[in-house]
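Below is one structure, written out as structure tokens, with a few remarks after it.
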There are 2 protein chains.
Amino acid sequence: MPRAGLSAERLIGEAAELADEVGFEQVTVSALARRFGVRVASLYSHLDGSHDLRTRIALLALEELTDRAAAELAGRAGRDALVAFADVYRDYARQHPGRYAASRYRLDPETAAASAGVRHARLLRSVLRGYDITGDEQTHAVRLLGSVFHGYVSLELEGGFSHSAPDSGRSWARIVEVLDALLRNWPDAAQPDASQQGS
Amino acid sequence: MPRAGLSAERLIGEAAELADEVGFEQVTVSALARRFGVRVASLYSHLDGSHDLRTRIALLALEELTDRAAAELAGRAGRDALVAFADVYRDYARQHPGRYAASRYRLDPETAAASAGVRHARLLRSVLRGYDITGDEQTHAVRLLGSVFHGYVSLELEGGFSHSAPDSGRSWARIVEVLDALLRNWPDAAQPDASQQGS
DNA sequence: GCAAATTGCCTAAATGGTTTAGGTTTTGTA
DNA sequence: TACAAAACCTAAACCATTTAGGCAATTTGC
């Protein structure tokens, strides 16, 4: 009988496709074997089980996403960089919902530390170099941006904003614009309670 | 043999506990049956299967969360309301991670429309009444807040901010503060930069 | 070109979750 | 007391996961 020509590479590539088609949670060693017309057990020489499969899809996704971000960020700063980073993020999630979900798969600390995730985080921090925010405040800002991007995209993918006006893309663009204004005009940490107006 | 005294109510209550203890994804009809010392099939007269089980936990969580938010929001406006809403959200997620995950379980549209989720959304919108933002801009702001809250909390639960300074609670408080400033000083929709026209 | 070693894919089987079809026991109530 | 409904059961089918061990296709060393 002819062989299917499996390899870890091909397996993960197809698994990522599968994730985009049917959802990351539905990616299963069985489904992948079916896709290759091969017995389930055959995959266990290439993969270390279902957790390993998911982990590898996650690593692939993180790398793809980070590469895109790095490419778009080159030569941009400030608001342009912010918009580019944000759009890469959302576009990737919309084009590859399964991979995006994979990129949120919980990795054990060592794996995470060796993944493209840290490069991605560094890229986000580098976007903030275009604004005048430093120290702990910069960390707060990074966490804010990460939360907005991830939060918006996952709510959008879950269908949260689907059938209601205004269009989700409009809200996204406006939110990024508003965030840019916020970063340019980052409020003092001291005590902002008095009615601040100008800026 | 004595009966366990099952009912849909008790089942869902225990299932929510179970979710908080072992994680929402691990909540399974089998695990729940084990918890009650009962055969798996016995639960199928009370539940319509595993999807139904998860859906009901989700509905419970949405209701609890919304009730808390409503209680804390009573008599507050503006910044106080924003902080209260945000803290209820994060506290609930930290105290009940399984239930929180459940509250993000995807419901079919009719179920979602009949859930406490819509009440929760209305509450969030009511928080914005303390600021001078209307129309589409208000919707953008609602989406921004929802994204930040959900995004931050889920990144935090995934361990994203765990072992690094500054403390996650500090970032949270600061972010809410910054959002309040942003809402009080919501930038104009017209381009502050030149060179672009609205969509 | 051939034998040996390796690798790729296989069958078989155990474990455990899901779900349905039906049976029996308990319990509340007429 | 008797009966109907509810609560819980056994049995069995289906599917995903995982391991153990086997044979065949390919690659390698000569």
Side-chain angles (χ1 to χ4, degrees), chain A residues 1-60 98-99 101-102 105-108 111, chain B residues 1-60 97-99 101-102 104-108 111:
Chain A
M1 46 190 82
R3 300 199 170 180
L6 306 184
S7 73
E9 308 287 303
R10 281 193 65 206
L11 245 40
I12 302 308
E14 279 303 315
E17 278 304 313
L18 185 58
D20 288 336
E21 289 167 20
V22 305
F24 181 61
E25 327 72 46
Q26 327 297 330
V27 172
T28 188
V29 180
S30 293
L32 192 56
R34 257 191 310 270
R35 199 177 174 95
F36 278 96
V38 137
R39 291 301 163 134
V40 181
S42 306
L43 301 195
Y44 278 81
S45 23
H46 302 281
L47 298 174
D48 224 24
S50 135
H51 174 67
D52 180 52
L53 172 59
R54 284 162 216 254
T55 298
R56 288 181 194 228
I57 304 173
L59 293 175
L60 172 68
R99 285 156 147 103
Y105 186 64
R106 188 169 196 154
L107 305 175
D108 46 301
T111 311
Chain B
M1 47 189 82
R3 303 205 165 178
L6 307 184
S7 73
E9 307 287 304
R10 280 193 65 203
L11 245 41
I12 303 308
E14 279 303 314
E17 277 304 312
L18 185 58
D20 288 335
E21 289 167 20
V22 304
F24 181 61
E25 327 72 47
Q26 326 298 330
V27 172
T28 189
V29 181
S30 293
L32 192 56
R34 260 192 307 273
R35 199 177 174 93
F36 278 97
V38 139
R39 294 299 164 139
V40 181
S42 306
L43 300 194
Y44 278 80
S45 24
H46 303 280
L47 298 174
D48 223 21
S50 137
H51 173 67
D52 180 53
L53 172 59
R54 285 161 216 256
T55 298
R56 288 180 194 229
I57 303 174
L59 294 175
L60 172 67
R99 285 156 146 101
R104 310 277 357 137
Y105 186 65
R106 189 169 193 153
L107 304 175
D108 45 302
T111 311

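To find a chain, count down the sequence lines: A is the first, B the second, and so on, and within it residues start at 1. This one's a predicted model, so the numbers in the text were calculated from it and none came from an experiment.
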Below 3.5 Å, can you tabulate the donor-acceptor pairs from side chains in residues 39-49 of chain B to any protein atom, sequence neighbours excluded?
unit_1, atom_1, unit_2, atom_2, d
B:S42, OG, B:R39, O, 3.1
B:S45, OG, B:S42, O, 3.0

Under-4.0 Å side-chain N/O to phosphate OP1/OP2 contact, [X] with [N]:
X: A:H46; N: C:dC9; value: yes
X: A:S45; N: C:dC9; value: no
X: A:S30; N: D:dC15; value: no
X: B:S42; N: D:dA7; value: no
X: B:R39; N: D:dA11; value: no

Using whole Å, report how far [atom1] of [X] lies from [atom2] of [N].
X: B:E25; N: C:dT18; atom1: CD; atom2: P; answer: 13 Å
X: A:L43; N: C:dT7; atom1: CG; atom2: P; answer: 18 Å
X: B:L47; N: C:dG17; atom1: CG; atom2: P; answer: 16 Å
X: B:Q26; N: D:dA16; atom1: CD; atom2: P; answer: 18 Å

For this session: Sequence neighbours left out, what passes side chain to side chain contact (heavy atoms under 4.5 Å, CB included) with B:E21? Give chain and number order.
Result: B:E17, B:R35
Exercise. Does the side-chain contact (heavy atoms from CB on, under 4.5 Å) test come out yes or no for B:F36 and B:R10, once each step is laid out?
Worked result: CA-CA 10 Å; B:F36 278 97; B:R10 280 193 65 203; 3.4 Å; yes
Could you pull out the protein-nucleic contacts involving nucleotides 19-23 of chain C (nitrogen or oxygen on both sides, under 3.5 Å)?
unit_1, atom_1, unit_2, atom_2, d
C:dT19, OP2, B:Y44, OH, 3.0
C:dT19, OP2, B:S50, N, 2.7

Problem set entry | Among D:dC8, C:dC10, D:dA16, the one nearest A:T28 by side-chain distance |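 Nearest listed nucleotide: D:dA16.
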Problem set entry | From B:L32, B:V29, B:T28, residue fulfilling side chain to side chain contact (heavy atoms under 4.5 Å, CB included) relative to B:S50 | B:V29
For this session: Have a look at A:I12 and tell me which of A:L60, A:T55, A:L59 forms a side chain to side chain contact (heavy atoms under 4.5 Å, CB included) with it.
Result: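 Looking at A:L60, A:T55, A:L59, the match for A:I12 under the side chain to side chain contact (heavy atoms under 4.5 Å, CB included) is A:L60.
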Exercise. Quick check: are there more than 12 heavy atoms from other residues, nucleotides or ligands sitting under 6.0 Å from CD of A:E9?
Worked result: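 Counting other residues, nucleotides and ligands, CD of A:E9 stays at 12 neighbours or fewer.
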